[in-house]
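I have placed the structure first, in the form of structure tokens, so that the comments after it can refer back to it.
By convention in this document, chain letters (A, B, ...) are assigned in the order of the sequence lines, proteins followed by strands, and residues within each chain are numbered from 1.
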There are 2 protein chains.
Amino acid sequence: MVTIKEIAKLVNLSPTTVSNVIHGHKGKVSAENYKKINLALKDTNYISNMGGRLLGHHGSKIIAVILNFDRRAEVNIVSDPFYDQIIGFLEEEIRKQGYFMMLYTSGSVVESLRLAAAWDIEGLIILGSLPEDAKKFIQQQQRPLAFIDTYVDESFMKDGFINVGLQDFQGGYDITKYLISLGHRKIAFFADGDHLIGVDEKRFLGYKQALSEAGINFQQKDFFALDYRAEKRHAFLKEISQDQLKNYTALVFTSDFLAADAINVFYDNGIQIPRDFSITGFDHNIFSEQIRPKLTTIGQNVNQKAVLAVDYLVERIQSKHAGQKINILLETELIVQGSTAKIPETV
Amino acid sequence: MVTIKEIAKLVNLSPTTVSNVIHGHKGKVSAENYKKINLALKDTNYISNMGGRLLGHHGSKIIAVILNFDRRAEVNIVSDPFYDQIIGFLEEEIRKQGYFMMLYTSGSVVESLRLAAAWDIEGLIILGSLPEDAKKFIQQQQRPLAFIDTYVDESFMKDGFINVGLQDFQGGYDITKYLISLGHRKIAFFADGDHLIGVDEKRFLGYKQALSEAGINFQQKDFFALDYRAEKRHAFLKEISQDQLKNYTALVFTSDFLAADAINVFYDNGIQIPRDFSITGFDHNIFSEQIRPKLTTIGQNVNQKAVLAVDYLVERIQSKHAGQKINILLETELIVQGSTAKIPETV
DNA sequence: CTGTTAGCGCCTTCAG
DNA sequence: CTGAAGGCGCTAACAG
């Protein structure tokens, strides 16, 4: 690997001058030498050694993407397409912005911050963080952070805070309202796990709001928690489909994955959608399209999420000061497909 | 961030001694000082600055995962679950082995190698590489490489070569043979794009072999190339289903994704599976389970692939010499589900 | 406009 | 067993 020193020798100039050319400081170098050095750089296929940069704290050019470990455990089970997709988009945008992406999975904030320190990482993108972890990140932050889909208290959104999320409340509200507009009044809600947090909680609150506005009384029994393990989940769905669910005409799921999964379980047990239930998903990813009937769902632009998060982060890295807090919630879109139907007029 | 020097001051010893403790060179430090230093390291939460390591070529602890750009373009379209899954598994194993993962997408071998040089990357894992790119990597390699699912000529598998793949030929052979055992003799083959390369080619050759052994004559028209763009692909499937496909009773797809996609198109056009066609997939991922009927497919262990690739690579990194070539093709498993059926006895 | 110098943190000699 | 010294490549500060 060629070094600046070697290039300097080659063109009979000093390393500083070479460095100036590399950094495009045109004003500091004569046009003639500028050209000569640039040629030499190309000829020798010069690459700057990142060790040198790191050591002088001149910027590592690394952005780390931190994935919450618990989420990841599931990802490998269900292959959560949201995470998969967004990682691809993040990598693309990080690369386009001239940075390198380090991917790190950890359940521990401390571990993630150690990584950031060791590599002098310029900024972190944090995916799927629980609220309490987000707080820890914010409190111990040494460098710019951008969260994706994280809800924290206003009080934690100080200057420098960045979050790019989705109007989850609105999405939950819209899709529930749509069901109500079809005549449904007995609408159950299904989520991943017992304790609703983050995006699922907002979607749930939107659902409740829509019920309430329509004068429908929500009861705790209308909420169903699904196990992340396929077998348990399937057994549970089968069981309730023969019992509790008989009271409902529509089922709202917090994700396309869960909705599609449920449709299959129902199908296997002779239940037809939307004849027996109207069902809705959330995300508008591959699962809502690769199921029959296709899901009525809430669309989001995952690419945009990734690009915005990276761009805000990079801006903050380069401006070198905190800047105002940013908490963008992207708009959602109701996608009506075949999994929902009007309730038949009954007398 | 605490440095070795600071720790040294703290305990009134030299940096060298501290460094020795950090590296566990017990023999070189008195037991007493060893303890004292270790305590100080913990107290101060010491993290070694990677810049220092890099600069001295003491090992970056980075393994780069290189994704072929063309593949990735598709990944973002179809969210190819194989890539998604394996990236998760790779990250996990790399972390477990004490390395950091840098994820990089590039269509250019040169770009990837520049990255490797700049960061003094210790080893590369290359996913979805075309054969000609693989050759370039091998020719220009400066450090250990591990390929996943790459087929290159024997002549390129010199010492140091590592590839972890699948018995794709066997898989294609087994699944076709299974169809034949059900009585099918008119079996079409569907792949992604015109020019069969890599794993798809092997699967195809397995299919042909099975046909040939059963005395079935393969003709070029039995091969169908699918467009990666959903709309074009769907239109094409619909079109041929009303025409050319009438001659076939079974359809072999190179992936679960394509098979599930086709089932949906057929379903939308009133074609029932397996009544009208028997259909097979390949991979046994989420798509074969999230479709009705579930796909008869070929199973592979993606986690094992990732773990083996990382472990072989790390072994090579640590042993510091090339070692014998490794070209492991993992076993496949025929998974019989509902998308295939016996051909009815006709007279 | 150009060059010299110093220092970032670590590790490996080598000398005590 | 311990310590001092040098060098990895780069850049910023400063001197010419």
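In this structure, B:W119 and A:F100 have perpendicular ring planes: the angle between them is above 60°, well past the 30° mark.
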Using distance only, find each side-chain donor-acceptor pair of residues 22-32 of chain B under 3.5 Å and give its atom names and separation, not counting sequence neighbours.
| from | atom 1 | to | atom 2 | distance (Å) |
| --- | --- | --- | --- | --- |
| B:H23 | ND1 | B:S19 | O | 2.9 |
| B:S30 | OG | B:N33 | N | 3.3 |
| B:S30 | OG | B:N33 | ND2 | 3.3 |

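When each of A:I121, A:I62, A:I317, A:V310 is checked for a side chain to side chain contact (heavy atoms under 4.5 Å, CB included) with A:Y99, only A:I317 meets the rule.
Partners of A:Q142 under the side-chain contact (heavy atoms from CB on, under 4.5 Å) rule, at least two apart in sequence or in another chain, do not exist in this structure. For A:R53, there are no side chain to side chain donor-acceptor pair (under 3.5 Å) partners at least two apart in sequence or on another chain. When the salt bridge (charged side-chain N to carboxylate O under 4.0 Å, His left out) test is applied to A:R316, no partner is found at least two apart in sequence or on another chain. With sequence neighbours excluded, no residue satisfies side-chain contact (heavy atoms from CB on, under 4.5 Å) with A:K9. Remark: A:A134 engages A:S129, A:F147, A:T150, A:V152 in a side-chain contact (heavy atoms from CB on, under 4.5 Å) (not counting sequence neighbours). In this view, B:L330 and B:V164, B:L166, B:Q304, B:K305, B:L308, B:I328 satisfy the side-chain contact (heavy atoms from CB on, under 4.5 Å) rule, not counting sequence neighbours.
For residues 151-166 of chain A, the salt bridge (Lys or Arg N to Asp or Glu O under 4.0 Å) pairs, not counting sequence neighbours, are A:E154-A:K325.
From the 5' end on, the contacts that DNA chain D makes with chain B at under 4.0 Å to a non-hydrogen atom open and close at D:dC1 to D:dG9. Protein chain A contacts DNA chain C from C:dC1 to C:dG9, reading 5' to 3' and using non-hydrogen atoms of the protein with a distance under 4.0 Å.
Within the 4.0 angstrom heavy-atom criterion, no nucleotide atom of any strand lies near B:G51.
Atom CD of A:Q139 sits in a crowded spot, with more than 12 heavy atoms from other residues, nucleotides or ligands closer than 6.0 Å.
Listed by residue number, A:T16, A:S19, A:H23 are the residues of residues 6-35 of chain A with a heavy-atom contact under 4.0 Å to DNA chain D.
In terms of heavy-atom proximity, B:S48 sits nearest to A:A118 at O-CB, 3.5 Å.
Summary of helix geometry: the two end axes of the helix from C:dC1-D:dG16 to C:dG16-D:dC1, each defined by five base pairs via their C1' atoms, are inclined to each other by 50° (rounded to 10°).
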